[in-house]
Structures are given as C-alpha cells and as structure tokens.
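Worth saying up front: this structure is predicted, and the values here are computed from it rather than measured. Order of the sequence lines sets the chain letters (A, B, ...), proteins ahead of strands, with each chain counted from 1.
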Amino acid sequence: MTITAPAPTIDPTAGPQTKGPLRRALGRFFENRAARAGLLIVVPILLAVSTYSLWWPFSPNAIDLRAINKGPSAIHWLGSDGVGRDVMARLLQGGRISLLVAVCSVAISIVIGFLVGAVASFGGRLVDGAVMRFVDLAMTLPPVIFLLVLASIAGTGIAPTILVISLLSWPVLSRMVRARLLELRERDFVVAARGMGAGLPHLLFRHGLPNCIDILVVYATLQIANAILLEAGLSFLGLGIAPPEASWGNMLNLARSTVVLEQYPWQWMFPGAVLVLTVLAINFIGDGLRDAFDPRSDLS
Amino acid sequence: MLSFIARRSATGLLMLVALSVLIFILLRLAPGDPIDAYINPSSPMSASDLEVLRDRLGLDQPLPVQYLAWLRAALGGDFGYSIQRSGVGVLPLVMERIGPTALLMGTGLAIAIVLGISAGIFSAVRRNTLPDIALSVVSFVGISSPAFLTALLGLYFFSVLLRWAPSGGMQTAGAPFSIADVLAHLVLPACLLSIGHAALIMRYMRASLLEVLNQDYVRTARAKGVREFWVIIKHATRNALLPVITLIGSTVGIAIGGAIFLESVFNWPGMGLLLVNAVGTRDYPVIMGATLVIGICVILVNLLTDIVYAVVDPRIQVS
C-alpha cells in the first residue's frame, strides 16, 4: 500500500471546525478559569496524599511521646494530637481514606444508577413506574437521616461506609440516565439497531452507555465531592471510619471534645480547611465539566 | 383546587405507607431479635412469657402480616420501648424532642428566608457590581461548607474566643426557665443553620428576579412611570418568588440534615441529637421511631409546599 498525497477535500465542515465533540469539550473545559483553579488545587492534594509515605518522616499512627498536644513546629508541621501522633501524617492518610471511600462509593453508585436507569427506560411502562416511584421514595428522606439509619445497620469501617454512601447516592443518577435513555430509545439509529435484532445488552452498552458518558462523568465528579462530605459527616458523628484509622471526618470528630476545640485548634482546623478546599475545587471541576459537555455553551 | 389537593394528598399518603414499609424492612434487617424492642427492659420476662408475647405480636407470622400488626401498633402510638433507657417508650421520647428541633429549624429557616430573599433582590438589582460579586463569592462558600464545620467554627469563634454566646444546651443548667435564656442559647445555632440555606435561597432569588426583570410587564410598569422601588417590590419580586417557594419547601428536608450536626455540636436537645445518640447506642426502636416522625414531617412539608404553590400560581393545577 502506497501513501499518496491527501486529495484536497471540498467538505464544507473541514477546517478548524473538524475537532471532535470530545476535543471541543476539553477545550471549553480548559478555558474555564474556575475549573483550572480546581485542577490546580486537586492535583497537588492527590499527589501529596498518594505519595506521602515516601517523603513524610512520620507515619499516621506512630506515637511521639515528647509531642503530646503540641502546636505546629519545625518537626511536626501541623502539630500533634492527644496521643502524640503527627497531625500532618494523619491528615494525608485521612485524605487517602476519604478519597478512597469517595471514589469507590461513586464507582458503585454509578453502576447501580446506570443499571436502574436502564431497566426503567427499557423495561416498559410498568417497570418504569415502579422503579421511579421507588426512586422518589428513596429521595424523600433527608439524605443524612437515611445515611444514619443505614450506618446504624452496617456498622463502622471502610467497607460498610462505602456501601452505605453508594446505596444512598444512586437515585439521582438513575433519574438522569433514564431521561437520557428514554430520549435515545426513539432515535433512528437505536430503532434501526432494534430492527436488526440487537439485544438489550447491545443496545445498552453499545448505544446507551456512550451516549450517557457526559452525564456519568459530571455526576461522578460532583458526587465525589458529595461523598467526601457524607463520609466526613458520618465519621464526625462517630460512625463511618472509626479510629485509629484516620479520615478527615474522624479528625474533626476530635473537636467534639471541648478541650480539643478550645485549646488545640490545629487538630481540627487543618482537616476542616483541607476538606472544604478539596470539596470546593472538585465542585469547580465538576461545574466546568458540566458546562464543557453542554453543546449549547458554544453558542452563547 | 380541591381536587388538586385531594390528588396530591393521596400521593402523600401513598408515600407515607411506602416509607413505613421501607422503615419496617430496615427494622427487620437490623441485627438482634425484633422482640427486644417490645420488652420493657426494667421488667425482664421469662422464656414462656416471651413466647406468649411473640405470639401476640405475631412475630412468628409471615412478614406482610407482621407489617400490618406493626402498623396497627404504630398508628395507635405504640412504637415499642427504648432498648437503652429502661422503661421509656419511644413515642414520648420522640415527642419531647420535636419542640426544640422545630424551634431551632423554624428560627434558622426564618433567618435564612429573610436574609436570602433580601440579599437576592439586592444582588439582582445591583447585578455585576462589586457588592453583587462579593455576595456571590460568600454564598458559594456558604453552600460548599458542611454544616458540621460551620458549627465547629461558629462555636469556636463566638462561644470560645469572643464569649458572645453560651456554648451549648437549650437553657443554662440549674437556672429557672426564662424566654431570654432560651433565646440566648438559640441565636448562635440558628444563625449557623441558616448560613447554607440563606446562600442557596439568595442564588435562586437572584437568578429568578433577573429573569423576571426582563419581562414585558416590568417594562410596561416602568413606562407607566411607576417608581423603580415599587417595580421591583410589587411587580417583579412577587413573580420571582414563585420558584423560590418550591426551593424553600425542599430546603426543609435538607435543613433536618444540617440540624443533626448543629444539635450534636451544640448539645441541643432535639430530634437530631436523639437520633445520633440512638444510632451510637444501636437503639433501633428509637432510630426507627425518630426516622418515621422525620419522614412524616418531610412528606407533610412537601405536600404543604405543593398546595401553597398551587394557591399562588393557578397555572400549576392545569398541567
């Protein structure tokens, strides 16, 4: 096969406009100042949290008896807690756990949410009605209440917390997926695929999934921020992640003791600040992604 | 109008029944023997008495029959006994907590509504000026910061550092009851509770008012020579408030979540603190009773919001 010079095309869509929708979305995303700021905050946090054991001298549960409830210093940058553990190390390990819980629970809730949405939209009117009423019901109770009830049954620890948060957060997604798939079902190419005998798995995963990818990506980003908050809230109330394992929430839990709250503010203010910063940054990224994936945003 | 209310109430009732089924199933999923919930811990029973009770409560019956029996008892006000506090029924325990929570949430939401709506109007009228941008930034931070962190920071700054407010509880311990005392304890948690909601209401109000200000009838009012102040207040704000009403209704559910954190930080003797303590001690009858009561409140508030919305915006009933 020889390579010939490309023939001049007369395609009217040629030129700078030929970038694919994904490339254009990415372009829009990087033009968004808030989204870039979000990335600038999240990436260093991610790096620090994932590599800290290589460069930080203290381990999260190592006890330094000479530094009990000591404020920030050259050795312990962010101070130490009531049993002489380094706050910086616990903060980084806590970030690891908080992010692990958030990412895992979002992954699970995406699978559940997509499948429930798919079943509702392709399962016929009766199934649809039943599933959507169940979703309505799951959204009636205030999320925190639901979370508490589930957590009281599941108990504390990393796996139960992931389970509880993912069980709580899929209904919103399944509703969005259902709306998208209902619309997609009537499109010509899906009708054609059906006419040619495509089964449900083919319809869902060859046609449905790629066309929901924007919903899933935006949901995943924003939900990670939400899951971090839910985990922190649970651990703050003494459920969720139990000590001695560190998480941002259970570090804040220390401040429920008046002594820590009043006299050792570094033990709870740093995790609080990192928590809010991370959540804000992820929300910025999520908002940026949502705007970037919205095809109408090029028009304005 | 009446048929709308009837239809909407029927859906609400259905939701209530479904919620009770959900809570019942969760109750049965909880570890432990469900019969524990019905034994008054201060008077232990013999094994044969337990069998009689099990038979009478129908715990040997299939689940749907059990559900009906449970529902009948619950409707009669019998939610069983607290496992942790001997001899205390769930219902009185929950009932004495409703008042404080309603006081805290009511005050917090009232502050949020007044603050949010006025800030939203101000922001929309002065759009894209420095105060508007500053308010937007503040509201973004307000929406993003979790209730437990604002509660901790508020407690730290206003009670510990500045000593402006008492650091918890609903009354000074040992002091005789006085309204001023309760108010002093109420102000800080209520203000902190209102932050997130005020921010959210402000953003909605601003967006909604900006939309309305572009409408023809607003231009007409101005052309007639109506003063700008009255155009904003009478013509624009009245219509801009419509979507905000729905938001306020759905806020109540979220506010209960926030109230849990505030109550546990400020030791406020409400439903939230009851629930958190019950969860901490795995006191399932109390958890379920409190959850059901909260669920009922949320469904009622949603119902009320829909009806209010239908009253102020007659177009709703048509669709």
Per-residue contact mode, A:Ala232 against chain B (heavy atom under 4.5 angstrom): both
Looking at A:Val149 and B:Met288, what are the two nearest heavy atoms and their distance? CG1-CE, 4.0 Å
Gap separating the CZ atom of B:Phe148 from the CG atom of A:Leu234, nearest 0.5 angstrom: 9.5 Å
Please find the pair of heavy atoms, one from B:Phe261 and one from A:Gly233, that lie closest to each other, and give the distance. CE2-O, 3.5 Å
Measure distances from A:Leu239 to the heavy atoms of chain B and classify the residue's part below 4.5 Å as side chain, backbone, both or neither. side chain
Where B:Phe157 and A:Met269 come nearest, the two heavy atoms and their spacing: CZ-CE, 4.5 Å
Spacing of A:Leu280 atom CG and B:Ile143 atom CD1 [to the nearest 0.5 Å]: 10.5 Å
Is B:Leu152 in contact with chain A via its backbone, its side chain, both, or neither, using a 4.5 Å heavy-atom distance? both
Counting only heavy atoms not in B:Tyr204, do more than 12 sit closer than 6.0 Å to its OH atom? no
Tell me whether A:Leu126 at atom CG has more than 12 heavy atoms from other residues, nucleotides or ligands lying less than 6.0 Å away. no
Could you have a look at A:Val276, A:Ile145, A:Thr156 and say which one has the most heavy-atom pairs with chain B under 4.5 angstrom? A:Ile145
Which bit of B:Leu149 is near chain A, if near means a heavy-atom gap under 4.5 Å: side chain, backbone, both or neither? side chain
Would you give the length of the straight line joining atom CZ of B:Phe140 to atom CZ of A:Phe284, rounded to the nearest 0.5 angstrom? 4.5 Å
Does CD belonging to A:Gln263 count more than 12 external heavy atoms closer than 6.0 Å? yes
pair A:Leu237-B:Ile260: side-chain heavy atoms closer than 4.5 Å: yes
When rounded to the nearest 0.5 angstrom, what is the spacing between CZ in A:Arg256 and CG in B:Leu155? 11.5 Å
Below 4.5 Å from any heavy atom of chain A, which atoms of B:Ile23 appear? Answer side chain, backbone, both or neither. neither
At what distance, to the nearest 0.5 angstrom, does CG of A:Leu275 lie from OG of B:Ser145? 10.0 Å
Let me know if A:Leu150 has heavy atoms under 4.5 Å from chain B in its side chain, its backbone, both or neither. side chain
Verify the neighbour count for atom CZ of A:Phe134: are there more than 12 heavy atoms of other residues, nucleotides or ligands below 6.0 Å? no
I'd like to know whether CZ of B:Phe158 has more than 12 heavy-atom contacts from other residues, nucleotides or ligands below 6.0 angstrom. no
Among B:Leu14, B:Val265, B:Leu19, B:Ile287, single out the residue with the greatest number of heavy-atom pairs under 4.5 Å to chain A. B:Leu19
Run the side chain to side chain contact (heavy atoms under 4.5 Å, CB included) test on B:Leu153 and A:Trp268 for me, step by step, so that the C-alpha distance in whole Å, both residues' side-chain angles and the decisive distance to 0.1 Å come before the verdict. CA-CA 10 Å; B:Leu153 285 172; A:Trp268 58 273; 3.8 Å; yes
